[in-house]
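Let me begin by presenting the structure, written as structure tokens, before commenting on it.
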Protein chains: 2
Amino acid sequence: MENTHDIARDIGARLRALRRMHKLSQRALAKKAGITNATISLIESGKMNPSVGALKRVLDGIPIGMSAFFSFEPEREEKVFFVAEELVQIGRGGVSFRQVGGNLFGKKLQILHECYAPGTGTGKVKLAHAGEEGGIVISGRLEVTVGDQRKLLGPGDAYLFDSTRPHSFRAVGERECVVVSACTPPTF
Amino acid sequence: MENTHDIARDIGARLRALRRMHKLSQRALAKKAGITNATISLIESGKMNPSVGALKRVLDGIPIGMSAFFSFEPEREEKVFFVAEELVQIGRGGVSFRQVGGNLFGKKLQILHECYAPGTGTGKVKLAHAGEEGGIVISGRLEVTVGDQRKLLGPGDAYLFDSTRPHSFRAVGERECVVVSACTPPTF
DNA sequence: TTTCCATGTTAAATATCCTCAACACTTTCC
DNA sequence: GGAAAGTGTTGAGGATATTTAACATGGAAA
């Protein structure tokens with residue numbers, strides 16, 4: 001459980017890194033943002049939780065969008081190849097999600113190797129989140145529901161839609177169902 | 001110039017739409033988020049600027065990430081399902097690319113069902129373009145070159161990298177190689 | 001009808017953010 | 001050296017977010 005304090009420190013670290021990356025002093029940024037340098041100091045040192053409005057004004061001064069800010073992370077060496085065993089397991093129950101890349105912080109693309117046991121799925125509650133997602137069925141039969149549309153897909157069939165539409169997945173038939181899917185931006 | 005009030009109303013509208021999409025009452029969401037329903041009411045009606053910490057906790061209750069929340073926008077109607085025959089053929093030579101969705105104008109995600117005849121590939125010239133791409137090998141063996149790294153991938157193995165790095169693909173061995181890949185943004 | 005439970009809104013009190021002003025420190029320039 | 005202007009940090013107080021506890025409305029069941 002991530003508490004308010006952790007969030008503040010996370011925000012602070014991101015802001016400090018970004019500000020330095022743009023070669024701005026706290027005062028310079030504060031002036032562009034229309035707030036005081038003290039606020040920026042407090043935010044960066046993780047000593048307070050800025051309001052969304054205040055953060056927005058600061059980010060406008062850099063400039064960077066809210067969405068980009070929250071998917072930002074200081075650079076590191078990138079891992080490119082992943083053998084099958086390295087795909088991290090993030091599913092549970094009858095559904096198994098194997099993700100390419102362990103930490104997608106700062107990434108724009110999430111690719112999953114999904115395996116549904118017969119009759120299992122994402123549950124009754126529909127998912128809905130920002131972004132776009134799609135996939136291709138490799139084997140088995142997958143029932144996909146998007147908004148009020150529903151369709152049964154077999155091997156070679158595919159789907160692609162805006163993730164803000166409520167959606168759910170369920171494997172039907174007696175064989176397990178394998179799907180390769182992609183999301184942008186990552187949602188887990 | 002966007003002022004604090006506009007931001008508050010924007011946040012409120014997004015949150016209300018998302019909450020209803022997930023069929024949660026203000027109180028139900030408040031309980032999951034660990035805050036009071038009054039706060040959610042005030043946020044949704046645009047009467048205040050929540051702190052980032054408070055917003056984060058609310059979004060955790062939905063759940064949706066910060067980045068996704070700020071890139072969220074209302075839905076539109078479009079084609080979602082594609083049977084195998086509808087995947088448009090855009091490959092040539094020994095390589096066949098079957099794309100999900102015919103016209104990707106305005107889309108952020110491109111998903112391909114790729115099939116390489118033994119020994120074929122994307123050619124000697126390395127590709128390099130904006131975006132990010134990844135994929136999972138379904139069958140056969142694929143040699144992937146990214147920058148000065150090269151690796152031979154088999155079924156279940158995967159790759160994920162920034163597309164600005166020069167890269168190329170080639171099927172090796174005697175069997176054909178099948179891969180499901182994704183790009184954001186689309187590059188064809 | 002009456003009661004009950006759920007919804008969203010709001011006033012007053014408390015907790016927190018944000019600013020103003022000052023502080024200590026370093027770098028730059030005479 | 002000393003002044004001047006830069007850096008980030010902190011205390012006190014006014015401004016604002018958040019809680020507590022109530023209010024008003026609406027639908028469902030008796």
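Letters A, B, ... are given to chains in the order of the sequence lines, protein chains preceding strands, and every chain is numbered from 1.
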Check your understanding: Does A:Asn49 use its side chain to pair, donor to acceptor, with the backbone of B:Ser51 at less than 3.5 Å?
Key -> no
Point to revise | B:Ser45 side chain vs B:Ser41 backbone, donor-acceptor pair below 3.5 Å | key: yes
Review point. Would you call the rings of A:Phe70 and B:Phe70 parallel, tilted or perpendicular, where under 30° means parallel and over 60° means perpendicular?
Key: parallel
Could you check how far [atom1] of [X] sits from [atom2] of [N], rounded to whole Å?
{"X": "B:Leu29", "N": "C:dG8", "atom1": "CG", "atom2": "C1'", "value": "14 Å"}
{"X": "B:Leu24", "N": "C:dT7", "atom1": "CG", "atom2": "C1'", "value": "14 Å"}
{"X": "B:Leu15", "N": "C:dG8", "atom1": "CG", "atom2": "P", "value": "11 Å"}
{"X": "B:Asn37", "N": "C:dT7", "atom1": "CG", "atom2": "P", "value": "9 Å"}
{"X": "A:Leu42", "N": "C:dT16", "atom1": "CG", "atom2": "C1'", "value": "12 Å"}
{"X": "A:Ile35", "N": "C:dC20", "atom1": "CD1", "atom2": "C1'", "value": "14 Å"}
{"X": "A:Ile40", "N": "C:dC17", "atom1": "CD1", "atom2": "C1'", "value": "15 Å"}

By nearest atom, which of the nucleotides [options] is closest to the [X] side chain?
{"X": "A:Ala38", "options": "C:dC20, C:dC18, C:dG8", "value": "C:dC20"}
{"X": "A:Ala54", "options": "C:dC18, C:dG8, C:dT10", "value": "C:dC18"}
{"X": "A:Arg27", "options": "C:dT19, C:dC17, C:dA22", "value": "C:dA22"}

Exercise for review: Walk along DNA chain D from 5' to 3' and tell me the first and last nucleotide with an atom closer than 4.0 Å to a non-hydrogen atom of chain B.
Suggested key: D:dA17 to D:dA22
Check your understanding: When the nearest nucleotide of DNA chain D is assigned to A:Glu44 and to B:Thr36 on a heavy-atom basis, which residue is associated with the more 5' position?
Key -> A:Glu44
Review point. Is any side-chain heavy atom of B:Leu142 less than 4.5 Å from a side-chain heavy atom of B:Asp157?
Key: no
Review point. Going by heavy atoms in the side chains, are A:Arg27 and A:Thr36 under 4.5 Å from each other?
Key: no
**Study point:** From CD1 (B:Ile11) to CZ (B:Arg16), nearest 0.5 Å
**Key:** 14.0 Å
For [N], take OP1 and OP2 only and decide whether either is under 4.0 Å from a side-chain N or O of [X].
{"X": "B:Ser41", "N": "C:dT9", "answer": "yes"}
{"X": "B:Gln26", "N": "C:dT7", "answer": "no"}
{"X": "B:Ser51", "N": "C:dT16", "answer": "no"}

**Study point:** Ion pair A:Arg57/A:Asp60, N-O distance below 4.0 Å
**Key:** no
Check your understanding: So what does B:Ser25 touch, heavy atoms closer than 4.0 Å: a base, only the sugar-phosphate, or nothing?
Key -> sugar-phosphate
